[in-house]
Amino acid sequence: MNLDPLLNNKINSIIELYSSGQISDALESIEILIRQNPKESILHNISGVCLKATGQLEMAVQSFKSAINLKSNFADAHFNLALTHQELDNMDDAIKSYQDTLAIQSDYAKAHNNLGIVYKELGQNNDAIKSYKEALSHQPDFVEALNNLGNIQTELGKLDEAIKSYNNALEIEPNYIEVHNNLGNILNDLGQLDEAVKHYEKAIAINPDYAEAHNNLGSTLNELGEMDKAVKHCERAIAI
């Protein structure tokens, strides 16, 4: 998008405000720019992002729609609209907006992943798996998609496939605490208790306040007969 250099500098300053947590100041500044440049779609998109960040979701929807009305093939605006619909629990609208995003930009990995999340919430597991795998086909190192795929494979009882998905995620991001916890749960279910303990301990080493991992570690240690350690971790989970 070719913008006037002065306008581009102002947009960059607003993005810096947003990134530093000064959302209200960013929103005030972007509204001034919109009044001066009402037909610049990027400004409406940025306004929507700021409104969403401040919890003004319905207004954010209108801003993203304004951006799309000005530029129908604005993939990021469609994506942000889908995110907002998802947060509003408007799942049908979210699906449509993610599909609109992908119709414009088929390799938009985050849109495929988020579409999978929506499908999973709706119980459409096969569609969710397809979306996660599509995300990974475009971005093989997308660890969130690998974790999401592992989660749904676990729910469907495809434990070998889930273990592979989780291990692939850990090869990319060794400190992904949720994956360590999830992999620990599968190994625990398979009776591989010592291996499960290692993953729970790794999760806790990364985040000592991860209550779920403390609780899971306590349960597994209890099964191993290490009662004192088990009580310690269960008490820590309760304290957190």
Side-chain angles (χ1 to χ4, degrees), residues 19 79 83 86-87 98 107-240:
S19 299
F79 177 78
L83 277 176
Q86 191 173 353
E87 195 166 337
Y98 283 130
D107 63 349
Y108 204 136
K110 287 184 178 180
H112 284 293
N113 179 66
N114 287 11
L115 183 56
I117 292 171
V118 174
Y119 282 138
K120 183 177 182 295
E121 290 184 16
L122 295 173
Q124 300 177 34
N125 292 333
N126 290 333
D127 288 329
I129 288 174
K130 182 179 178 181
S131 292
Y132 295 143
K133 288 184 175 180
E134 189 68 26
L136 291 164
S137 74
H138 298 294
Q139 187 179 332
D141 63 348
F142 195 169
V143 289
E144 183 183 345
L146 283 166
N147 184 50
N148 290 336
L149 180 59
N151 290 344
I152 200 166
Q153 288 167 334
T154 302
E155 289 186 21
L156 295 173
K158 299 178 179 181
L159 300 187
D160 290 341
E161 294 179 26
I163 289 171
K164 181 179 179 181
S165 295
Y166 291 140
N167 281 328
N168 287 342
L170 291 175
E171 286 179 10
I172 299 163
E173 179 49 71
N175 291 334
Y176 199 143
I177 59 173
E178 290 85 359
V179 174
H180 280 292
N181 185 64
N182 293 336
L183 185 52
N185 289 340
I186 289 184
L187 294 170
N188 182 70
D189 291 342
L190 292 173
Q192 301 177 37
L193 303 186
D194 290 332
E195 289 300 312
V197 165
K198 290 179 183 178
H199 285 285
Y200 294 139
E201 288 178 338
K202 179 64 174 178
I204 291 167
I206 298 165
N207 179 7
D209 291 331
Y210 191 10
E212 186 176 349
H214 278 289
N215 181 65
N216 291 336
L217 178 55
S219 297
T220 305
L221 290 170
N222 180 49
E223 292 185 54
L224 288 168
E226 300 185 40
M227 300 301 293
D228 290 343
K229 290 183 180 178
V231 168
K232 176 184 175 183
H233 285 286
C234 289
E235 288 178 341
R236 178 64 179 148
I238 292 168
I240 297 168

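Note that the structure is predicted; figures quoted are calculated from it, not measured.
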Legend entry - 4.5 Å side-chain heavy-atom contact, Glu212 and Tyr210: yes
Inset, instruction - Give, for atom OG of Ser165 and atom CG of Leu183, the distance between the pair rounded to the nearest 0.5 Å. - result: 10.5 Å
Inset, instruction - Kindly compute the distance separating CG (Leu156) from CD1 (Ile129), expressed to the nearest 0.5 Å. - result: 5.0 Å
Inset, instruction - Working to the nearest 0.5 Å, report the span between CD1 of Ile117 and CG of Asn148. - result: 5.0 Å
Inset, instruction - Report yes if some heavy atom in the side chain of Glu161 is under 4.5 Å from a heavy atom in the side chain of Leu149; otherwise report no. - result: no
Legend entry - Polar side-chain atom of Tyr200 near backbone of Gly184 as donor-acceptor pair, under 3.5 Å: yes
Inset, instruction - Calculate, to the nearest 0.5 Å, the distance between atoms SG and CG belonging to Cys234 and Asn222 respectively. - result: 7.5 Å
Legend entry - Taking every non-hydrogen atom, the tightest pair across Phe142 and Ala135: CD1-CB, 4.2 Å
Inset, instruction - Would you indicate whether the side-chain heavy atoms of Leu221 and Met227 approach each other to under 4.5 Å? - result: no
Legend entry - Name of the residue among Asn185, Asn182, Asn188 meeting side chain to side chain donor-acceptor pair (under 3.5 Å) with Asn216: Asn185
Inset, instruction - Answer yes or no: is there a side-chain heavy-atom contact under 4.5 Å between Tyr132 and His112? - result: no
Inset, instruction - Please confirm whether the backbone N or O of Pro208 pairs with a side-chain atom of His214, one donor and one acceptor, at under 3.5 Å? - result: yes
Legend entry - Pairwise distance CD1(Ile152) to CG(Asn147) - rounded to 0.5 angstrom: 12.0 Å
Legend entry - Residues Asp127 and Lys120 bridged, charged N to O under 4.0 Å: no
Legend entry - Least distance between heavy atoms, Gly116 atom then Ala128 atom: O-CB, 3.4 Å
Inset, instruction - Evaluate side-chain contact (heavy atoms from CB on, under 4.5 Å) for Leu187 paired with Asp194, printing each intermediate quantity in order. - result: CA-CA 9 Å; Leu187 294 170; Asp194 290 332; over 6 Å; no
Legend entry - Thr220 to Leu193 - nearest heavy-atom pair and separation: CG2-O, 3.8 Å
Legend entry - Distance-only side-chain donor-acceptor flag, Asn125 / Glu155, under 3.5 Å: no
Legend entry - Glu144 vs Tyr176 side-chain heavy atoms within contact, under 4.5 Å: yes
Inset, instruction - Would you indicate whether the side-chain heavy atoms of Gln86 and Asn114 approach each other to under 4.5 Å? - result: yes
Inset, instruction - Check whether any side-chain heavy atom of Glu201 lies under 4.5 Å from a side-chain heavy atom of Leu217, and answer yes or no. - result: yes
Inset, instruction - Output yes when a side-chain donor or acceptor of Glu173 lies under 3.5 Å from a complementary backbone atom of Asn175, and no otherwise. - result: yes
Legend entry - Exercise: identify the closest heavy-atom pair between Asn168 and Leu146: C-CD1, 3.9 Å
Legend entry - Tyr166 side chain vs Gly150 backbone, donor-acceptor pair below 3.5 Å: yes
Legend entry - Polar side-chain atom of Asn113 near backbone of Ala109 as donor-acceptor pair, under 3.5 Å: no
Legend entry - Glu195 and Lys198 ion-paired at < 4.0 Å: yes
Inset, instruction - With rounding to the nearest 0.5 Å, note down the distance linking CG in Asn207 to CD in Glu178. - result: 9.0 Å
Inset, instruction - Taking all non-hydrogen atoms of both residues into account, name the closest pair between Ala237 and Asn215 and its distance. - result: CB-N, 3.8 Å
Legend entry - Criterion side-chain contact (heavy atoms from CB on, under 4.5 Å) on Gln153 and Asp160, from CA distance to verdict: CA-CA 9 Å; Gln153 288 167 334; Asp160 290 341; over 6 Å; no
Inset, instruction - Side-chain contact test, heavy atoms from C-beta onward, threshold under 4.5 Å: evaluate it for Ile206 versus His180 and give yes or no. - result: yes
Inset, instruction - Carefully, step by step, assess Leu122 and Val118 under the rule side-chain contact (heavy atoms from CB on, under 4.5 Å). - result: CA-CA 6 Å; Leu122 295 173; Val118 174; 4.0 Å; yes
Legend entry - Atom of Pro140, atom of Ile172 and distance for their closest heavy-atom approach: O-CD1, 3.7 Å
